[in-house]
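Data block below; observations after.
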Amino acid sequence: MALENVLIEKRGRVGVVTVNRPDKLNALNIRTREDILAAFDELEKDADVRVVVITGAGEKAFIAGADINEFAGKTAVQQRAVMKGRRAFDAVEDFPKPVIAMINGFALGGGCELALACDIRVASSKAKLGQPEIKLGIIPGGGGTQRLTRLIGEGKAMELILTGDMISAEEAERLGLVNYVYPPEELEVKTMELAGKIAEMSPVALTLAKQSVKNAARMEIRAGLEAETELFALCFSSEDKEEGVRAFIEKRKAEFKGR
Ligand code: COA
């Protein structure tokens with residue numbers, strides 16, 4: 001299936017997914033969500049790609065949320081059917097490689113939620129983030145009430161979700177909602193530097209590390225610690241572990257193969 005609203009590009013070991021509906025501020029209609037799923041499926045299979053960066057086309061927006069036009073006239077039964085299918089938010093969260101959100105502008109509603117499903121968020125200083133669903137008489141439905149709360153705590157998540165207020169990138173950084181803020185002209189270089197640094201690590205270890213960190217929000221602490229021990233031990237079945245350890249002993253740079 002040819003992608004209509006998403007571009008895929010490879011820069012060395014980094015795959016870049018660009019949501020490409022700039023005239024609609026990259027709002028997520030059904031087709032765009034399907035394209036995001038297809039793009040991630042393609043990049044999952046591509047062993048050359050070790051890290052994915054997702055961003056929005058144009059100057060203004062990362063993603064300005066779900067496409068509000070698709071809400072008009074929808075019944076509960078119809079909307080539930082749309083949301084019970086395979087979901088881009090969950091596919092990004094469960095993606096076996098690290099995913100970085102490069103937030104180049106508005107990240108609102110489903111846009112903020114897609115960023116929350118990513119592993120690391122880097123924002124332009126002109127980005128604005130928020131969960132404005134309440135202003136439409138609805139609530140976040142792409143994981144916002146859960147992932148935002150786990151990331152920044154209940155008090156601030158509640159405030160953002162109940163007021164629908166947008167916050168600046170600087171405020172988002174202060175809250176721990178984004179990892180870094182850069183001037184717009186530096187955003188891409190800095191994000192690609194971070195992605196490139198992570199892409200040099202063992203893909204096996206990256207997958208297991210991501211899984212284990214995610215377990216912290218999904219498991220009770222003792223189960224999470226036990227799972228960590230198992231995942232740690234599993235690293236010892238990889239060629240990459242032997243390469244990493246030998247490279248340290250031999251005082252050279254490790255060349256990880258993802259095996
Ligand atoms: N769904 C559908 N279309 C959207 C959209 C969305 N979530 N966000 C923006 N657009 C469209 C606008 O309708 C407009 O289309 P048009 O040119 O055909 O009229 C175009 O994108 C540009 O947006 P515009 O509102 O003119 O830009 P702005 O700079 O004045 O305002 C925002 C920017 C982000 C503040 C404003 O677009 C907005 O509030 N968007 C909705 C955000 C939202 O509530 N998201 C959560 C949805 S659950």
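Scope of the values below: all heavy atoms of this structure, side chains included, with no hydrogens, waters or symmetry mates. All residue numbers refer to positions in the sequence shown, counting from 1. Whatever order the structure lists them in is the order used to number ligands and atoms, beginning at 1.
A salt bridge between Arg21 and Asp67 is present, with a side-chain N of the basic residue lying under 4.0 Å from a carboxylate O of the acidic one. A salt bridge links Glu159 and Lys156; the closest N-O separation between the charged side-chain nitrogens and carboxylate oxygens is under 4.0 Å. Of the charged side-chain nitrogens involved, at least one lies within less than 4.0 Å of a carboxylate oxygen, so that Asp94 and Arg218 count as a salt-bridged pair. A salt bridge is defined here as a Lys NZ or Arg NE, NH1 or NH2 lying under 4.0 Å from an Asp or Glu carboxylate O, and Arg174 with Glu170 fails to meet this definition. In summary, Lys45 and Asp41 do not engage in a salt bridge, as defined by a charged side-chain N under 4.0 Å from a carboxylate O. Salt bridge Lys257/Glu255: absent, no basic N to carboxylate O contact under 4.0 Å. Taking the charged nitrogens against the carboxylate oxygens, Glu59 and Lys126 have no contact shorter than 4.0 Å, which rules out a salt bridge.
Residue contacts with ligand 1: Ile68 is placed with a nitrogen or oxygen under 3.5 Å of a nitrogen or oxygen of the ligand (distance criterion only). The shortest N or O to N or O distance between Ala64 and ligand 1 is under 3.5 Å.
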**OP:** Could you walk me through whether Arg11 and Glu9 pass the salt bridge (Lys or Arg N to Asp or Glu O under 4.0 Å) test, one step at a time?
**Re:** CA-CA 7 Å; Arg11 298 201 209 158; Glu9 191 194 335; 2.8 Å; yes

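Checking atom 39 (O) of ligand 1 against the protein gives no heavy-atom contact under 4.0 Å. Using a 4.0 Å threshold on non-hydrogen atoms, atom 31 (O) of ligand 1 does not count as touching the protein. For atom 6 (C) of ligand 1, the nearest protein heavy atom is under 4.0 Å away. Put simply, atom 44 (O) of ligand 1 has protein non-hydrogen atoms near it, under 4.0 Å away. Protein heavy atoms are found inside the 4.0 Å sphere centred on atom 23 (O) of ligand 1. Distance check on atom 12 (C) of ligand 1: every protein heavy atom falls at or beyond the 4.0 Å cut-off. Protein heavy atoms are absent from the space less than 4.0 angstrom from atom 36 (C) of ligand 1. In this structure, atom 27 (O) of ligand 1 has a protein heavy-atom contact shorter than 4.0 Å.
At least one heavy atom of Asp23 lies less than 4.0 angstrom from ligand 1.
Heavy-atom proximity to atom 2 (C) of ligand 1, evaluated over Leu136, Asn26, Asp67, Asn29, is greatest for Asp67.
Going from atom CG of Leu37 over to atom CZ of Arg33 covers 9.5 Å, rounded to the nearest 0.5 Å.
The two residues Phe62 and Gly111 have their closest heavy-atom pair at CE2-O, 3.3 Å. In this structure, Leu108 and Leu129 approach most closely via the heavy-atom pair CD2-C, 3.9 Å.
For atom 25 (O) of ligand 1, the closest non-hydrogen atom of the protein is Leu25 CD1, 4.9 Å. In this structure, atom 18 (O) of ligand 1 lies nearest to the protein heavy atom Lys24 NZ, 2.4 Å. The protein heavy-atom contact nearest to atom 46 (C) of ligand 1 is Pro132 CG, 3.8 Å.
Of all the atoms in ligand 1, the ones that sit under 4.0 Å from a non-hydrogen atom of Glu133 are 48 (S). The ligand atoms of ligand 1 that sit less than 4.0 angstrom from a heavy atom of Leu108 are 34 (C), 42 (C).
Ring pair Tyr180/Tyr182 is parallel by interplanar angle, where below 30° counts as parallel and above 60° as perpendicular.
If you look at Lys60 next to ligand 1, the close heavy atoms, those under 4.0 Å, all belong to the side chain. Of the heavy atoms in Ala27, only side-chain atoms (C-beta onward) come closer than 4.0 Å to ligand 1.
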